[in-house]
Student: 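Got a structure here, written out as structure tokens. Questions coming.
Note: hydrogens, waters and symmetry copies are ignored here, and every other heavy atom, side chains too, is used. Chain letters run A, B, ... following the sequence lines, proteins first, then strands; residues in each count from 1.
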Amino acid sequence: MKKLLKIENWLDERFDLTPIRNLIEHKKVPVHGHSIWYYMGGISLFLFIIQVFTGLLLLMYYIPGENAAYESVQFIITKVSFGWLIRNLHSWSANLMVLFIFLHMFSVFFTKAFRKPRELTWVTGFFLLLLAMGFGFSGYLLPWNELAFFATKVGTDIVAVVPFIGEELKIILRGGEDVTGATLSRFFGIHVAILPAIFTSLLVIHLFFVQRQGMSEPEEFEQLSEKEKKYIPFFPNFVLQDALLWIIVLIGLLSLTLFFPWELGLKADALASAPLGIKPEWYFMFMFETLKLLPAHILFVEGEVVGIFAFAFAGIIWMFIPFIKFSKRKDLNSKIIRWFGLISLIYMIIFTIKGYL
Amino acid sequence: MGTDRRKFINSLLGIGSLGAFSAIIYPIVSFLIPPKIADVKINSLKVGPVADFKNNSSKIVRFGRTPVILIRTKDGEFKAMEATCTHLDCLVQFKEDTQQIFCACHNGIYDIQGRNISGPPPKPLKQYDVNITDDEIRITSQDV
Amino acid sequence: MNKKNLFNICSFIFLFTALSISGVTISDSEKSSKFEDECINCHIENEIMPEHFSKNDIHWQKGLSCAGCHGGDANEINEEKAMSKRNGFVGIPDKKEIPNFCGKCHSDIGKMQLFQARIPTDQVSQYYVSKHGKQLKIGNLDVATCTDCHTTHEILPASDTRSTTYAINIPNTCNNCHGNRDLMNKYNMESNQVAEYSKSVHGIALLEKQDIGAPSCNDCHGNHGANPPGVESISHICGSCHVNNMNYFNNSSMASEFADMEINACEQCHGNHLILKPNDEMISVEEESTCTECHSEGEEGYIAAELIYDKIKSLSSLYDSTKAISEKVNIMGMNNIEIEYSLKNIKQNLIQSRTLVHTFDTSEVFVKANEGILASQGALLLADNEIAEYFERRLGYGVAIFILILLAATLYWKIRSLGS
């Protein structure tokens, strides 16, 4: 302990650690019925950190390019020491991360933590969600196996539905007309360089906002008297609780990794016919199922175009939720927002489940 | 008593953290140490130096899951093709006297290019590229 | 104008009109430009069609008119003149005359080379050497002639899958006579050859798996020169595909013994039509043994059979167990790529060992089989390593989880203590 104090003093003399000390000593976290949701963001962050570390490790052996991608992943899971573990951790953590981001987003939504002054935190968070889904989509292709190849084909085909620029967008995404080695190269660059750069910057901004403004308090809590409001210090209480939850998540993750390993399947073959049961990843499933349901034409517009625009529109509303006033009356406004959220959530859950039936 | 207990919990915490940390670091370090067979690419295989291969000889090597026959013709040219006969999957062999590839199971015969020229085989043998760099023989799959 | 001429003129007018209106195109794409075959025109009109007439018939396709075989004048509309002996009309030949009828062209390289440069023209001469041909010469009309196998008016080349002489169809063609019990009984012949063949490994390969690399009747017995004198057994033919088996056997001590005892080599143990997939029990000394037919206990041959069987059996069992364990490793989610590769080699080795049985030399079989056994043991070791790794992972997981749970519990404890 004395050594730590010495180090602290050394740094303090040079950098003035007062703001940090203040944070550690004064930051507090509200305690109430919905406190559990405060941890969702932290778990998402934890899973992202795992993704970065396992991703970097995989980069030591992964070789992009259609000649070697599949073989290198096969090499990792069969020959490299603990390769199976790192790869499966990466695959499972990716899915869990998206899950927890959704949990985080919806819990923030329903506790209305996005309201003033935290609007920008919400907006940056929304972009982080989109980037996370982009991570998932680009990363999925990298093993260059059959399922991934066709899922990417179907997914990028949907991009082409956007009017006017759709085809161009598809070609830019694919690096050509079809899904080929060029697509793999692009997705690799996107997955390990472009997205991490943007994601990390946005994440830092997002976290900075959170630190600067502190934890949001739900309206019921805000209205309590000062005496009634319960808090716990961030350091060490909340941090320890966070750590405990992180360890529990880690235990869950390790168990999934060992007992439900990710299959590699067969190498992608552009000339083969699509295997049965290609599905997008679960977090795209609800959109996929919706598009499948739409009729070929709605009025004079193609069904798929309507679908895409509907989702884009819904997404934009969702992103601007902190700024939109649905009604002058505050309680009605709240109600509308809550119902919008509930319907969206239920819709997404039902259509995700539908995709697996 | 309180401080003792606190100290105990803290030391337990320290040990636990150290244990967890080791449990995480050990696989990572192990992972980073490359495996003995560092040859990742199963669409390219280094066979050995050219000198090891006499004219008019052949050898079957493992290319991923597939047996591949590497042949050096009497003129010194290298050829590589899949060693599994296209009839009923027996392993083929190189006949030095006729410079043909032959399957002993039902007398299927392929020419030096791997084309099925006699007997039951319905298809030619799948070809592999042979490159020589720095006196090393390397077999590569023709699949792009 | 007499009645006959009137009739002819009327039929001509009628025919002409009928054809024009009905749009009957007897002359298909390639033919209408070449010539008008009045023979077929009239026969179609009068509905007296030749037996099994098909437009796919190769003679028809190549522009050979009816008169090309049957004689007469294909340009002549007048029935009498068209089919008059003066115009060379032969009509339907007698069965005995059929080989020569076809041989008119098919034995003449001058005529045949127009269609194919290296076409054989020895069919008729071969035929007369065969059993069928010999019998036909002495007047036995029960035998097959050209048309019995090739049909009369729907002849297709043997490479055409619809042809009666296409590899897969040949057993059926031969069976038309050779499966006819009454006919065969007349000559004290069996009528079960095709039935037996269909159950054999060659029959299943050809008829069910459609592998035309497998022998059909003619691949062993010959085509036109089927079953010539001096060929008592088909055993010599087996070696044309089963090269090693034949060579090993011929160099073995058994070859001369068999020749002395006038036993037919391959046929003795493997049969002729009902050649089944051989099993290892054939080289044993138990029930299904082929060796004990001659060799009795204590004899050199008997002992050799026992030894060879034991060795092959142990390799075979090892192969099976290695295959099973490879599957198990795969299901466990572990890596079986190297094991599968090894299995390919072991399989090859097993095939070679079984082929070497035909040397009837224990040392030959042992050397090869031992290689396979060694390889199997190597593969099994690989499998054991994978399975060990599988359990090691679970153990490692257990240890890691234990530490983490301990840590979590301690954390919880710490949090509780902070709270109070």
Side-chain angles (χ1 to χ4, degrees), chain B residues 1-28 30 35 37 42 60-69 82-93 95 102-109 116 118-123, chain C residues 167 201-202 205-206 209-215 219 238-248 335-352 354-356 393 396-418 420:
Chain B
M1 203 47 68
T3 27
D4 276 342
R5 204 166 132 195
R6 245 188 53 211
K7 276 205 184 127
F8 178 65
I9 295 177
N10 282 350
S11 42
L12 248 178
L13 214 57
I15 295 170
S17 308
L18 208 66
F21 186 70
S22 327
I24 292 173
I25 285 293
Y26 172 69
I28 292 178
S30 217
I37 335 129
I42 311 181
I60 295 190
V61 296
R62 180 171 81 84
F63 195 93
R65 287 177 199 259
T66 332
V68 167
I69 183 168
E82 194 168 328
T84 322
C85 183
T86 56
H87 180 223
L88 292 175
D89 289 347
C90 291
L91 290 176
V92 302
Q93 49 195 269
K95 278 188 99 187
F102 159 71
C103 180
C105 283
H106 303 98
N107 205 13
I109 302 185
N116 47 321
S118 171
K123 292 187 299 203
Chain C
V201 67
H202 295 134
L206 183 74
K209 298 192 193 147
Q210 315 267 297
D211 178 2
I212 52 172
D219 290 301
C238 310
S240 58
C241 289
H242 298 276
V243 185
N244 282 343
N245 306 60
M246 180 104 273
N247 286 340
Y248 291 148
N335 170 34
N336 73 340
I337 298 174
E338 284 80 16
I339 302 172
E340 284 292 313
Y341 181 79
S342 205
L343 274 169
K344 287 200 170 93
N345 281 326
I346 299 167
K347 181 88 206 222
Q348 179 77 356
N349 204 291
L350 188 55
I351 295 172
Q352 288 170 320
R354 286 172 171 153
T355 311
L356 279 165
R393 286 183 190 180
Y397 165 81
V399 168
I401 295 299
F402 177 71
I403 296 174
L404 285 173
I405 291 180
L406 215 64
L407 182 60
T410 317
L411 262 172
Y412 183 69
W413 197 7
K414 175 89 182 157
I415 291 165
R416 282 284 294 272
S417 75
L418 281 175
S420 57

Student: So how far is it from C/Gln352 CD to B/Leu91 CG, rounded to the nearest 0.5 Å?
Tutor: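 So the gap between those two atoms works out to 8.0 Å.
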Student: Looking at B/Ser17, B/Pro27, B/Pro67, which one has more heavy-atom pairs under 4.5 Å with chain C than the rest?
Tutor: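 Looking at each option in turn, the highest pair count goes to B/Pro67.
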Student: Does the pair C/Ile337 and B/Arg62 meet the rule for a side chain to side chain contact (heavy atoms under 4.5 Å, CB included), with working shown?
Tutor: CA-CA 11 Å; C/Ile337 298 174; B/Arg62 180 171 81 84; 4.2 Å; yes
Student: Begin from the C-alpha positions of C/Lys414 and B/Leu12 and carry the test side chain to side chain contact (heavy atoms under 4.5 Å, CB included) through to its verdict.
Tutor: CA-CA 10 Å; C/Lys414 175 89 182 157; B/Leu12 248 178; over 6 Å; no
Student: Can you tell me which of C/Val399, C/Leu404, C/Val243, C/Leu406 forms the most heavy-atom pairs within a distance under 4.5 Å of chain B?
Tutor: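 Of the candidates given, the most pairs with chain B belong to C/Val243.
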Student: Which atom pair, heavy atoms only, marks the closest approach of C/Leu407 to B/Gly16?
Tutor: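 What the structure gives for the nearest pair is CD1-C, 3.5 Å.
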Student: Quick check: closest heavy atoms across B/Ala20 and C/Ile403, and the distance to 0.1 Å?
Tutor: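 Shortest heavy-atom separation between B/Ala20 and C/Ile403 comes out as N-CG2, 3.4 Å.
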Student: Is it true that atom OH of C/Tyr397 has more than 12 heavy atoms of other residues, nucleotides or ligands lying nearer than 6.0 Å?
Tutor: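 Yes.
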Student: Around atom CD1 of B/Ile28, are there more than 12 heavy atoms from other residues, nucleotides or ligands closer than 6.0 Å?
Tutor: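 Yes, because the 6.0 Å sphere around CD1 of B/Ile28 holds more than 12 heavy atoms from other groups.
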Student: Against chain B, label C/Leu411 side chain, backbone, both or neither, depending on which of its atoms sit under 4.5 Å from a heavy atom there.
Tutor: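 Both parts, backbone and side chain.
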Student: Looking only at heavy atoms, which two atoms of B/Cys90 and C/Ile351 are closest? And how far apart?
Tutor: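 Closest approach of B/Cys90 to C/Ile351: SG-CD1, 3.8 Å.
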Student: Using heavy-atom distances under 4.5 Å, tell me whether B/Phe21 contacts chain C through its side chain, its backbone, both, or neither.
Tutor: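 For B/Phe21, neither part sits under 4.5 Å from chain C.
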Student: Rounded to the nearest 0.5 Å, how far does CD of C/Gln348 lie from SG of B/Cys105?
Tutor: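 That separation rounds to 6.0 Å.
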Student: Atom NZ in C/Lys344, atom OG1 in B/Thr84: separation rounded to 0.5 Å?
Tutor: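 C/Lys344 atom NZ to B/Thr84 atom OG1 measures 6.0 Å (nearest 0.5 Å).
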Student: What part of B/Thr66 lies closer than 4.5 angstrom to a heavy atom of chain C: side chain, backbone, both or neither?
Tutor: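 Just the backbone, heavy atoms under 4.5 Å.
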Student: Answer with side chain, backbone, both or neither: which region of B/His87 has an atom nearer than 4.5 Å to a non-hydrogen atom of chain C?
Tutor: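 For B/His87, side-chain heavy atoms alone lie under 4.5 Å from chain C.
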Student: What part of C/Thr355 gets closer than 4.5 Å to chain B, counting heavy atoms only: side chain, backbone, both or neither?
Tutor: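 Looking at C/Thr355, nothing touches chain B.
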Student: Compare every heavy atom of B/Pro120 with every heavy atom of C/Gly213, then report the nearest pair and how far apart it is.
Tutor: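 Closest heavy-atom pair between C/Gly213 and B/Pro120: CA-CB, 3.6 Å.
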Student: Under 4.5 Å heavy-atom distance to chain B, tell me which part of C/Asp211 shows up: side chain, backbone, both or neither.
Tutor: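 Answer is side chain: those atoms of C/Asp211 sit under 4.5 Å from chain B.
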